[in-house]
Amino acid sequence: MSVLVNKQSRVIVQGFTGTEGTFHATQMIEYGTQVVGGVTPGKGGKMHLDRPVFNTVEEAVKATQANVSIIFVPPAFAADAILEAAFAGIPLVVCITEGIPVQDMVKVKHMLKSTSTRLIGPNCPGVISSEEAKVGIMPGFVFKKGPVGIVSRSGTLTYEAADQVVKAGLGISTAIGIGGDPIIGTSTLEAIQLFMDDEETRAIVMIGEIGGSMEAEAARWAKTYATKPIIGFIAGQTAPPGRRMGHAGAIVGGSEDTAAAKMAIMRECGIHVVESPADIGKTVAQVLSVHAS
Amino acid sequence: MNLHEYQAKELLKKFQVAVQEGIPVDTPEAAAEAYKHLKIQYGSEYAVVKAQIHAGGRGKGKIKGTEQRGVAVGKNAEEIKTIAGNILGGILVTAQTGPAGKKVNKVLVAQDVYYPGPQPTKELYLSILPDRTRGENVIIYSTEGGVDIEEVAHKSPEKIFREWVHPAGELQPFQARKIAFNLGLKGEAFKNMVRFVTQLYHAFVSLDCSLLEINPLFKTSDDKIIAVDCKMNLDDNALIRHPDLEALRDINEEDPTEVEASKYNLNFVKLDGNVGCMVNGAGLAMATMDMIKLSGGEPANFLDVGGTANAQTVEAGFRIILKDPKVKAILINIFGGIVRCDRVAQGIIDAYRSIGDIRVPIIVRLQGTNAEEAKRLIENSGLKVQSAILLSEAAELVNKAVAQAS
């Protein structure tokens with residue numbers, strides 16, 4: 001078991017024939033993901049990477065029975081691409097695109113409520129279920145199969161965490177990069193809930209950042225409902241207030257969204273808080289050995 | 001992107017939002033001329049000179065080395081000229097600028113809005129921003145304007161009101177009325193407030209603002225509702241559809257090192273510490289800064305080199321970090337996924353050789369594809385570079401370097 005994506009996932013790529021889309025579609029196919037086609041408006045009817053290209057998502061779904069879409073289209077058109085996938089009935093949409101205007105996401109978030117689509121991202125590395133399917137841009141070789149689920153707001157820090165977990169002799173069930181923007185489709189809490197219901201996952205690594213209140217929300221929920229241990233790290237303990245640290249969502253506005261405030265809430269709610277990013281793997285191994293005995 | 005008050009007000013006027021009128025100038029003579037215009041147009045003896053910098057607290061802030069405030073009232077052309085002369089070219093230090101302050105290149109000579117009239121005046125507060133938790137825009141407002149709103153929120157939270165706007169439409173009339181009622185307005189002032197907030201919300205969305213803050217929002221003695229000050233931040237990601245707004249960027253207000261970094265597509269934020277760092281990815285960069293701190297150092301910067309860490313970007317990164325004399329060590333932390341570590345290592349070696357004499361210890365941590373080859377490359381290069389694969393090893397090396405430097 002794993003969450004969100006697996007060997008049966010049928011994936012289409014929006015922005016298939018572009019540079020990014022081509023590169024990462026190739027990598028995903030190499031990983032073993034079932035990429036069944038792609039969409040590039042105006043290039044319908046052609047073949048690309050030995051897969052059919054369609055003009056619209058609707059056509060692609062009809063022809064391929066795709067149930068996952070990954071989006072690589074430029075920021076100005078990405079909101080439209082998300083909605084196109086959602087209204088074509090695709091249940092899982094992963095948006096990699098960085099730099100979508102906030103007001104576009106306000107609209108998208110609202111319009112998705114009338115569909116049954118789950119959005120991951122935008123501005124995220126995607127989702128990977130180890131040795132099953134990679135729907136994203138992460139380096140596949142880092143992820144070995146195992147009992148640890150990862151939910152993270154950042155890209156390379158996710159790979160770092162996965163690598164440490166694997167080096168500690170464990171592995172990853174699924175890693176979900178939820179994205180670094182202020183308004184995103186799936187929250188930290190929703191990702192954690194998915195892992196709580198997943199039989200394969202025995203512990204969850206939650207990687208957060210300064211800004212917003214998603215980690216606090218997840219921690220408060222976990223205090224009452226968690227059935228598995230959560231190991232948490234918050235990046236940005238040394239970030240000054242008012243400065244945006246790369247991600248549009250990583251900015252300290254009020255006193256509640258500092259790393260220190262989040263870590264305090266997490267501790268209070270029984271989450272195993274890691275202070276140094278170098279200790280993530282070690283801590284996961286310790287926590288799991290205690291829980292196993 | 002931040003805008004100056006005068007730029008924000010010009011934009012608001014295009015959306016029929018009433019503002020305190022004024023004329024931006026950059027010489028004391030032009031300030032005196034502006035005063036004369038305002039006097040003819042509005043009939044008041046008074047006018048106010050407002051320093052134009054990207055920071056708040058200007059009224060309380062002072063020009064370095066003088067007692068001149070960043071916002072000051074004058075009652076004739078000579079006075080206005082003197083005040084403008086004191087402010088222009090000076091360094092304004094406010095609670096928000098930090099001790100270094102900001103150079104003032106422009107002042108706004110603005111109309112007097114505190115003129116006498118039949119009704120009492122009132123300073124209010126109103127701002128609009130996206131609420132990330134709800135995924136909707138929220139209007140935050142209060143009867144307590146003209147003061148630090150965070151203090152109001154802290155001391156008397158019941159005086160802060162919030163109104164969320166449904167993404168399917170604009171601000172609804174019933175919401176605009178509710179805001180005007182809660183602000184305690186009646187008669188003409190009530191009607192003017194409904195119009196003001198409706199138009200302001202329209203401007204917020206149309207301009208793709210990430211923050212629009214009016215403080216004070218002012219009720220005049222003749223019941224007009226006007227924006228006396230305006231802080232406007234635009235969503236950088238949306239500038240692509242507002243090419244005209246891009247022209248409003250004031251490069252003088254930005255840190256020159258950060259501007260230079262952006263030319264190389266490097267995401268750089270200057271900090272105050274002694275260990276520089278260069279990392280791929282924003283989350284890992286923040287985590288690396290945290291690790292530096294836990295190892296006994298203080299991060300000197302945030303620097304995300306992005307997905308392609310090649311010789312060119314690494315060299316640019318080195319040069320930018322080395323400009324800071326406080327830097328005692330540099331940590332490069334790259335998790336090579338799609339980008340191969342041996343290529344990054346070669347880039348680091350080339351950049352190092354191209355710069356020549358680097359006097360601070362360099363710690364390179366490369367993990368991911370071909371990490372072992374990368375470590376060998378660095379170790380055989382003959383350069384004074386220490387290499388690590390695990391993040392914990394890098395932390396120890398930073399700790400040693402900091403101990404030796406102090």
Shortest non-hydrogen separation from [X] to [Y] and the atoms involved:
| X | Y | value |
| --- | --- | --- |
| B:A287 | A:P277 | O-CG, 3.2 Å |
| A:P101 | B:D208 | CB-OD1, 4.5 Å |
| B:G336 | A:F141 | O-CZ, 4.1 Å |
| A:E209 | B:G283 | OE2-CA, 3.8 Å |

Under 6.0 Å from the [atom1] atom of [X], do we count more than 12 heavy atoms belonging to anything else shown?
| X | atom1 | answer |
| --- | --- | --- |
| A:E256 | CD | no |
| B:Q172 | CD | yes |
| B:Y264 | OH | no |
| A:E98 | CD | no |

In terms of heavy-atom pairs under 4.5 Å, which option from [options] contacts chain A the most?
| options | value |
| --- | --- |
| B:A395, B:S392, B:G135 | B:G135 |
| B:T133, B:D290, B:L284, B:N267 | B:D290 |
| B:T288, B:T369, B:L390, B:D131 | B:T369 |
| B:E136, B:K293, B:H166 | B:H166 |

Exercise answer: donor-acceptor pairs, residues 70-80 of chain A side-chain atoms, under 3.5 Å, sequence neighbours excluded:
none

Tell me, side chain or backbone of [X] under 4.5 Å from chain A's heavy atoms, or both, or neither?
| X | answer |
| --- | --- |
| B:D236 | side chain |
| B:A394 | neither |
| B:E396 | neither |
| B:F302 | side chain |

Contacting region of [X] [heavy-atom separation from chain B under 4.5 Å]:
| X | result |
| --- | --- |
| A:I234 | backbone |
| A:K167 | side chain |
| A:V142 | side chain |
| A:R244 | both |
| A:E275 | both |
| A:I137 | backbone |

Does the side chain of A:S276 reach to within under 4.5 Å of the side chain of B:M291, using non-hydrogen atoms?
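Side chain of A:S276 against side chain of B:M291, heavy atoms only: contact under 4.5 Å found.
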Are B:S210 and A:V102 close enough that some pair of their side-chain heavy atoms sits under 4.5 Å apart?
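Counting from C-beta outward, B:S210 and A:V102 never come under 4.5 Å.
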For the candidates [options], which exhibits the highest count of non-hydrogen atom pairs separated by less than 4.5 Å from chain B?
| options | value |
| --- | --- |
| A:A259, A:S213, A:G211 | A:G211 |
| A:S154, A:A161, A:A278, A:P139 | A:A278 |
| A:K282, A:E217, A:M245 | A:M245 |

Nearest-0.5 Å distance, [atom1] of residue [X] to [atom2] of residue [Y]:
| X | Y | atom1 | atom2 | result |
| --- | --- | --- | --- | --- |
| A:T238 | B:E298 | OG1 | CD | 8.0 Å |
| B:L391 | A:I280 | CG | CD1 | 8.0 Å |
| B:D304 | A:T156 | CG | OG1 | 7.0 Å |
| A:D163 | B:Q367 | CG | CD | 4.5 Å |

By number, which residues in residues 20-27 of chain A have some heavy atom less than 4.5 Å away from chain B?
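Under the 4.5 Å heavy-atom cut-off, A:F23, A:H24, A:Q27 qualify.
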Check: B:D235/A:Q103 side-chain N/O donor and acceptor closer than 3.5 Å:
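No donor-acceptor contact under 3.5 Å links the two side chains.
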Taking 4.0 angstrom as the limit, do B:R241 and A:D104 come out as a salt bridge?
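So B:R241 pairs with A:D104 through a salt bridge.
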Taking the side chain from B:R132 and the backbone from A:G249, do they hold a donor-acceptor pair closer than 3.5 Å?
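Yes, because the side chain of B:R132 sits within donor-acceptor range (under 3.5 Å) of the backbone of A:G249.
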Name the residue from A:M105, A:H110, A:K107 that meets the side-chain contact (heavy atoms from CB on, under 4.5 Å) definition with B:P167.
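Output: one option passes, namely A:H110.
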